[in-house]
S.K.: 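Take a look at the following structure, please.
Values in this document were obtained by computation on a predicted structure and should not be read as measured data.
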Amino acid sequence: MIISGKELSARLKAEMAGQVSSFPEKYGRVPHLVVILVGDDPASVSYVTGKAKASQVVGIKNTTIRKPVDISEDELLGLIRELNADDTVDGILVQLPLPEHISEAKVIETISKDKDVDGFHPLNVAALWQKQPCTLPCTPKGIIKMLKTAGVEIKGKRAVVIGRSNIVGLPVAKLLLDENATVTIAHSRTADLPSVTREADILVVAIGRPRFVTADMVKDGAAVIDVGVNRDPETGKLCGDVDFAAIEPKASVITPVPGGVGPMTICCLMENTIECFLNKMTPKKV
Ligand code: NAP
């Protein structure tokens, strides 16, 4: 079975649109997401455009602020601080990657934790690992939703995550652990990777290398989630980290690229923006 992130995200966005349509009456306005794009890298431009389109579908106000590639770090941090102080802004996202002269860590730290719709702020990350309420990072959150929607049992299963980045590999592994899977995290120094991946009931691949995972690395009946977004060196088309054509017949479920994890990431960004808005509008009593 192919898990279509495109279809699932369309369904979830339609549900969110229904929810958001009641906000003007209840709260006087809709959630407001501000996306900052530095420079004009084509991939980043396309991601930012996707976020604006999704906001429109859901009924969220989206402001995209474009800044030149040579904007200074101080100026960018100053802009973020202004948006932190702006009560009409609920979510702030700075599109990564940033030019080398700007510290991504400083940018992520400067965004207020309460407006950190990406779930990258150190306090959100710490809360995730301490099982405290937090904004979950979008891609890992989307992956868990896809597995659950496809009816994949996670509890008690053996999950292998290839990749240990802060934005995908590590948080996916943590969320799978929280769902009571037994989790192995593999990386570039893992010895005999195929022997590790062949043990996986659930295999999540987040490496960034076209068709790196071949059919011999996958157990029969495994659920395979392909996070990678690459250009096929031969055709120039988008492709994932797994050899989809060869693995699809032996997997129980598999995500395609494009149309798999990508749309779910944007869908969860919408959900996170609504959550940040509602946290502000209906603060929990302490
Ligand atoms: P990253 O920070 O570059 O991390 C890549 C990970 O892959 C690292 O942990 C690295 O291991 C591991 N790796 C590299 N070569 C390997 C090998 N030969 N064997 C085993 N592990 C290997 O990348 P990322 O940000 O996590 O992104 C991964 C992919 O997901 C990229 O294609 C990215 O574009 C895509 N992505 C997609 C979405 C989406 O919404 N669909 C969101 C985010 C990212 P070491 O730690 O040992 O170096």
Side-chain angles (χ1 to χ4, degrees), residues 33-55 62-81 83-84 91-113 115-125 128 135-143 161-172 187-188 204-210 212 226-233 236-241 257-258 260-270 272-273:
L33 171 66
V34 176
V35 177
I36 302 173
L37 172 62
V38 176
D40 52 10
D41 169 67
S44 294
V45 170
S46 127
Y47 287 133
V48 164
T49 308
K51 288 163 188 174
K53 279 189 189 154
S55 302
N62 181 300
T63 305
T64 301
I65 301 177
R66 293 191 71 156
K67 289 288 174 188
V69 72
D70 59 355
I71 185 177
S72 71
E73 186 179 271
D74 277 353
E75 196 186 332
L76 182 60
L77 297 181
L79 172 62
I80 295 169
R81 287 189 193 102
L83 295 167
N84 284 342
I92 304 168
L93 182 154
V94 179
Q95 184 64 46
L96 302 179
L98 288 166
E100 267 177 23
H101 67 279
I102 300 175
S103 156
E104 288 189 356
K106 274 194 203 168
V107 165
I108 289 169
E109 273 170 27
T110 303
I111 296 172
S112 154
K113 172 191 177 279
K115 299 190 181 188
D116 169 36
V117 281
D118 261 335
F120 293 166
H121 191 283
L123 290 173
N124 270 319
V125 175
L128 168 67
T135 301
L136 294 177
C138 303
T139 302
K141 186 177 184 179
I143 290 171
V161 178
I162 317 180
R164 54 178 166 178
S165 72
N166 286 331
I167 62 170
V168 190
L170 287 182
V172 169
H187 45 78
S188 66
V204 180
V205 190
I207 310 174
R209 297 181 68 171
F212 177 85
D226 189 353
V227 186
V229 180
N230 313 291
R231 288 275 162 203
D232 185 310
K237 288 187 177 157
L238 278 187
C239 73
D241 287 349
V257 178
V261 174
M264 283 305 293
T265 298
I266 295 190
C267 177
C268 289
L269 173 67
M270 299 296 109
N272 285 354
T273 306

S.K.: For the pair N272 (side chain) and L136 (backbone), establish whether a donor and an acceptor sit closer than 3.5 Å, ignoring hydrogens and angles.
M.R.: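 Yes, because the side chain of N272 sits within donor-acceptor range (under 3.5 Å) of the backbone of L136.
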
S.K.: From H121 NE2 over to I92 CD1, what is the distance, rounded to the nearest 0.5 angstrom?
M.R.: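 One gets 10.5 Å once the value is rounded to the nearest 0.5 Å.
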
S.K.: For the OG1 atom of T139 and the NZ atom of K141, what is their distance to the nearest 0.5 Å?
M.R.: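 Answer for the OG1-NZ pair, T139 versus K141, is 11.5 Å.
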
S.K.: Tell me if a side-chain donor or acceptor on R231 pairs with a main-chain N or O of G236 at a distance below 3.5 Å.
M.R.: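 Yes.
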
S.K.: For the atom pair OG1 (T64) and CD (Q95), what is the distance rounded to the nearest 0.5 Å?
M.R.: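 Taking OG1 in T64 and CD in Q95, the distance rounds to 10.0 Å.
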
S.K.: Go through the steps for V125 and L170 under the test side chain to side chain contact (heavy atoms under 4.5 Å, CB included), then give the verdict.
M.R.: CA-CA 10 Å; V125 175; L170 287 182; over 6 Å; no

S.K.: I'd like to know if the side chain of H101 and the backbone of I71 have a donor-acceptor N/O pair within less than 3.5 Å.
M.R.: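 A pair under 3.5 Å: yes.
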
S.K.: Could you tell me if the side chain of V48 sits less than 4.5 Å from the side chain of R66, heavy atoms only?
M.R.: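 Of all side-chain heavy-atom pairs linking V48 with R66, none is under 4.5 Å.
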
S.K.: Given V227, which partner from the list D241, V161, I143 fulfils the side-chain contact (heavy atoms from CB on, under 4.5 Å) test?
M.R.: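 For V227, the side-chain contact (heavy atoms from CB on, under 4.5 Å) check succeeds only for I143.
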
S.K.: I need the minimum non-hydrogen distance between T135 and V117, along with the two atoms involved.
M.R.: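 The answer is CG2-O, 3.9 Å.
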
S.K.: Any idea which heavy atoms bring M270 and K51 closest together, and the distance?
M.R.: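 Shortest heavy-atom separation between M270 and K51 comes out as CE-O, 3.8 Å.
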
S.K.: Run the side chain to side chain contact (heavy atoms under 4.5 Å, CB included) check on T110 and R81 step by step: do they pass?
M.R.: CA-CA 7 Å; T110 303; R81 287 189 193 102; 3.9 Å; yes

S.K.: Judged by atom type as modelled, is there a donor-acceptor pair below 3.5 Å linking the side chain of N84 to the main-chain atoms of I111?
M.R.: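 No: the side chain of N84 does not pair with the backbone of I111.
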
S.K.: Which heavy atom of F120 sits nearest a heavy atom of I108, and at what distance?
M.R.: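 Closest approach of F120 to I108: O-CG2, 3.2 Å.
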
S.K.: Do P97 and S44 touch side chain to side chain, with heavy atoms closer than 4.5 Å?
M.R.: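 Contact flag for P97/S44 side chains = yes.
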
S.K.: Distance-only, no hydrogens or angles: does the K237 side chain make a donor-acceptor pair with backbone N or O of D232 under 3.5 Å?
M.R.: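 Not a single qualifying donor-acceptor pair exists.
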
S.K.: What I'd like to find out is whether the side chain of I36 reaches to under 4.5 Å of the side chain of V107, using heavy atoms alone.
M.R.: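 Heavy-atom side-chain distance check fails, nothing below 4.5 Å.
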
S.K.: For V168 and A206, which heavy atoms make the closest approach, and how far apart are they?
M.R.: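 Taking V168 first and A206 second, the nearest heavy atoms are CG1-CB, 3.6 Å.
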
S.K.: Distance from E109 atom CD to D116 atom CG, nearest 0.5 Å?
M.R.: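 The CG atom of D116 is 11.5 Å from CD of E109, to the nearest 0.5 Å.
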
S.K.: Quick one: does C239's side chain get under 4.5 Å of V257's, heavy atoms only?
M.R.: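 Side-chain contact under 4.5 Å: no.
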
S.K.: Measure across V38 and P68 and return the closest heavy-atom pair with its distance rounded to 0.1 Å.
M.R.: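 Answer, listing the atom of V38 first, then P68: CG1-O, 3.6 Å.
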
S.K.: State, with a plain yes or no, whether a side-chain heavy atom of L83 is found less than 4.5 Å away from one of K115.
M.R.: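 A side-chain contact is absent here, since even the closest heavy-atom pair is not under 4.5 Å.
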
S.K.: Which pair of heavy atoms, one from L77 and one from K106, lies closest together, and at what distance?
M.R.: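 Distance-wise, the nearest heavy atoms are CD2-O, 3.9 Å.
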
S.K.: Roughly how far apart are I266 CD1 and S55 OG, rounded to 0.5 Å?
M.R.: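 I266 CD1 to S55 OG: 9.0 Å, rounded to 0.5 Å.
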
S.K.: Evaluate the criterion side chain to side chain contact (heavy atoms under 4.5 Å, CB included) for residue pair V229 and L238; output intermediate values, then yes/no.
M.R.: CA-CA 7 Å; V229 180; L238 278 187; 3.9 Å; yes

S.K.: Within this structure, what is the CG-OG distance for the pair L98 and S103, rounded to the nearest 0.5 Å?
M.R.: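 L98 atom CG to S103 atom OG measures 9.0 Å (nearest 0.5 Å).
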
S.K.: Can you check side chain to side chain contact (heavy atoms under 4.5 Å, CB included) on L79 and K67, steps first, answer last?
M.R.: CA-CA 10 Å; L79 172 62; K67 289 288 174 188; 3.9 Å; yes

